[in-house]
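Whatever order the structure lists them in is the order used to number ligands and atoms, beginning at 1. All values reported here derive from a predicted model rather than from experimental measurement.
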Amino acid sequence: MAAASAHSIDATPRLGQCLVISAPSGAGKSTLVERLRAEFTHFAYSVSCTTRAPRGQEQDGVDYHFLTREEFLARREAGHFAEWAEVHGNLYGTPKAPVEEHLAAGRDVLFDIDVQGALQVKSVFPQGLFVFILPPSLEELERRLRGRGTDSDEAIAKRLGNALGELGQAAHFDYLIVNDNLDTAADELRAIYVAGRTRTASRPGLLDALLAQWGA
Ligand code: ADP
Ligand code: 5GP
């Protein structure tokens, strides 16, 4: 078998891809993201900073970097974030440096961020895949928020109140997934990601390498 040459297609870089997933709270985004990450373990995950308190089993540095409001504002002033937003009364932000490092190294980065943040990321990384998860109905959204058992009545009311405004931004996303049947929604998300990996723009040099191999 021939040794890999400078023109080997294996030697051509694959650029990292941003997969950005947004939804009204309770639509099932975390559930879908968890499934995707279980299958594609190579994903880099963008661990956000937040001023909200940890919920359930959440771990600092894994699910979020949990910061005080003062710490968050100091990092924001220092230009630490690629985007930030106030969501349901708490501050959330995406640290910029780790994302840039992952993309440069060809690693795909998964973002689980709110709608305002996703649209900011779109202006920075327009080549990303932007996916909006919809609940099948507002009633089902409320059922899921209550069933999750992690939020107070006040927090649930706030999240439902924000949901309509968030749905109004869905048209700016590239893909819409209605999370009614979980398996179907998970299949759709998987298909979007897998198809995105084959984009021409994410394989610069591939065609040149093939043409060189073929003596063209
Ligand atoms: P989000 O991350 O969007 O806030 P979660 O993933 O935490 O939402 O889901 C909210 C609740 O709804 C969870 O209890 C989850 O198990 C449940 N859930 C998610 N997807 C479905 C679905 N397709 N059908 C029924 N329940 C779902
Ligand atoms: P939760 O508090 O339920 O984990 O998240 C509330 C909302 O904040 C969700 O829509 C979640 O996607 C969003 N969020 C999490 N991290 C970030 C972030 O870094 N930036 C922005 N803009 N939103 C985020």
Side-chain angles (χ1 to χ4, degrees), residues 18-38 44-67 71-72 75-76 80-99 109-125 128 130-152 154-156 158-167 169-170 172-173 177-189:
C18 293
L19 177 61
V20 183
I21 306 180
S22 276
S25 184
K29 179 166 36 105
S30 311
T31 309
L32 288 166
V33 163
E34 235 171 71
R35 283 204 177 192
L36 195 71
R37 290 178 75 192
Y45 183 65
S46 172
V47 181
S48 297
C49 295
T50 183
T51 58
R52 83 150 163 77
R55 271 199 310 247
Q57 302 298 309
E58 285 179 338
Q59 284 176 267
D60 188 35
V62 177
D63 301 285
Y64 281 106
H65 300 289
F66 294 101
L67 303 180
E71 285 169 337
F72 188 102
R75 290 194 194 191
R76 194 184 73 184
H80 185 82
F81 298 123
E83 63 74 34
W84 69 273
E86 180 142 16
V87 188
H88 318 307
N90 293 303
L91 296 172
Y92 294 83
T94 301
K96 189 162 52 181
V99 176
V109 187
L110 190 56
F111 296 73
D112 169 349
I113 60 179
D114 96 303
V115 175
Q116 318 160 60
L119 296 178
Q120 289 178 58
V121 170
K122 195 169 190 185
S123 66
V124 183
F125 303 111
F130 292 81
V131 182
F132 195 93
I133 313 285
L134 296 150
S137 69
L138 201 56
E139 293 72 28
E140 174 63 12
L141 185 65
E142 180 165 4
R143 245 192 310 280
R144 288 184 192 171
L145 283 170
R146 295 204 182 284
R148 188 164 69 180
T150 52
D151 300 285
S152 66
E154 193 192 346
I156 289 174
K158 199 180 256 183
R159 281 159 195 259
L160 286 172
N162 286 339
L164 276 183
E166 290 166 339
L167 287 179
Q169 299 293 315
H172 299 296
F173 286 71
I177 294 177
V178 179
N179 179 21
D180 190 356
N181 177 286
L182 184 58
D183 289 334
T184 305
D187 281 350
E188 289 175 353
L189 182 58

Results of salt bridge (Lys or Arg N to Asp or Glu O under 4.0 Å) for Glu166 - residues two or more places apart only: none
Identify the heavy atoms of Lys122 and His172 that sit nearest to each other, and give their distance. NZ-O, 2.8 Å
Using a strict 4.0 Å threshold on nitrogen-to-oxygen distance, state whether [X] and [Y] make a salt bridge.
X	Y	result
Glu139	Arg143	no
Arg55	Asp151	yes
Arg75	Glu71	no
Asp183	Arg35	yes
Arg37	Glu34	no

Under 4.0 Å, heavy-atom basis, I'd like to know which part of Arg159 is in contact with ligand 2: side chain, backbone, both or neither. side chain
Backbone, side chain, both or neither: what part of Gln116 comes under 4.0 angstrom of ligand 2, heavy atoms only? neither
Evaluate Val87 for polar contact with ligand 2, using N/O atom pairs at a separation under 3.5 Å. no
Please indicate whether any nitrogen or oxygen in Ser25 is less than 3.5 Å from any nitrogen or oxygen in ligand 2. no
Under 3.5 Å: N or O atoms of ligand 1 paired with protein N or O:
{"unit_1": "ligand 1", "atom_1": "2 (O)", "unit_2": "Ser30", "atom_2": "N", "d": "2.8"}
{"unit_1": "ligand 1", "atom_1": "2 (O)", "unit_2": "Ser30", "atom_2": "OG", "d": "2.5"}
{"unit_1": "ligand 1", "atom_1": "3 (O)", "unit_2": "Gly26", "atom_2": "N", "d": "3.4"}
{"unit_1": "ligand 1", "atom_1": "3 (O)", "unit_2": "Ala27", "atom_2": "N", "d": "3.3"}
{"unit_1": "ligand 1", "atom_1": "3 (O)", "unit_2": "Gly28", "atom_2": "N", "d": "3.0"}
{"unit_1": "ligand 1", "atom_1": "3 (O)", "unit_2": "Lys29", "atom_2": "N", "d": "2.8"}
{"unit_1": "ligand 1", "atom_1": "4 (O)", "unit_2": "Gly26", "atom_2": "N", "d": "2.7"}
{"unit_1": "ligand 1", "atom_1": "4 (O)", "unit_2": "Arg148", "atom_2": "NH1", "d": "2.8"}
{"unit_1": "ligand 1", "atom_1": "6 (O)", "unit_2": "Ser30", "atom_2": "N", "d": "3.4"}
{"unit_1": "ligand 1", "atom_1": "6 (O)", "unit_2": "Thr31", "atom_2": "N", "d": "2.9"}
{"unit_1": "ligand 1", "atom_1": "6 (O)", "unit_2": "Thr31", "atom_2": "OG1", "d": "2.5"}
{"unit_1": "ligand 1", "atom_1": "7 (O)", "unit_2": "Arg148", "atom_2": "NH1", "d": "2.9"}
{"unit_1": "ligand 1", "atom_1": "8 (O)", "unit_2": "Gly28", "atom_2": "N", "d": "3.2"}
{"unit_1": "ligand 1", "atom_1": "20 (N)", "unit_2": "Asn179", "atom_2": "ND2", "d": "3.1"}
{"unit_1": "ligand 1", "atom_1": "23 (N)", "unit_2": "Asn179", "atom_2": "OD1", "d": "2.8"}
{"unit_1": "ligand 1", "atom_1": "23 (N)", "unit_2": "Asp180", "atom_2": "O", "d": "2.9"}
{"unit_1": "ligand 1", "atom_1": "24 (N)", "unit_2": "Arg144", "atom_2": "NH2", "d": "3.2"}

Quick one: nearest non-hydrogen protein atom to [atom], plus distance?
atom	value
atom 15 (C) of ligand 2	Tyr64 OH, 3.2 Å
atom 19 (O) of ligand 2	Ser48 OG, 2.6 Å
atom 10 (O) of ligand 2	Lys29 NZ, 3.3 Å
atom 20 (N) of ligand 2	Glu83 OE2, 2.7 Å

Is Gln120 reaching over with its side chain to a backbone N or O of Ala82, donor-acceptor style, under 3.5 angstrom? no
Which word best sums up how the rings of Phe125 and Phe111 line up, parallel for under 30°, tilted for 30 to 60°, or perpendicular for over 60°? tilted
Test item, Arg52 contacting ligand 2 (heavy atom, 4.0 angstrom): yes
Contact between ligand 2 and Arg55 is defined here as a heavy atom of the residue under 4.0 Å from a ligand atom; is it met? yes
Out of Trp84, Tyr92, Phe81, whose heavy atom is nearest to atom 2 (O) of ligand 2? Tyr92
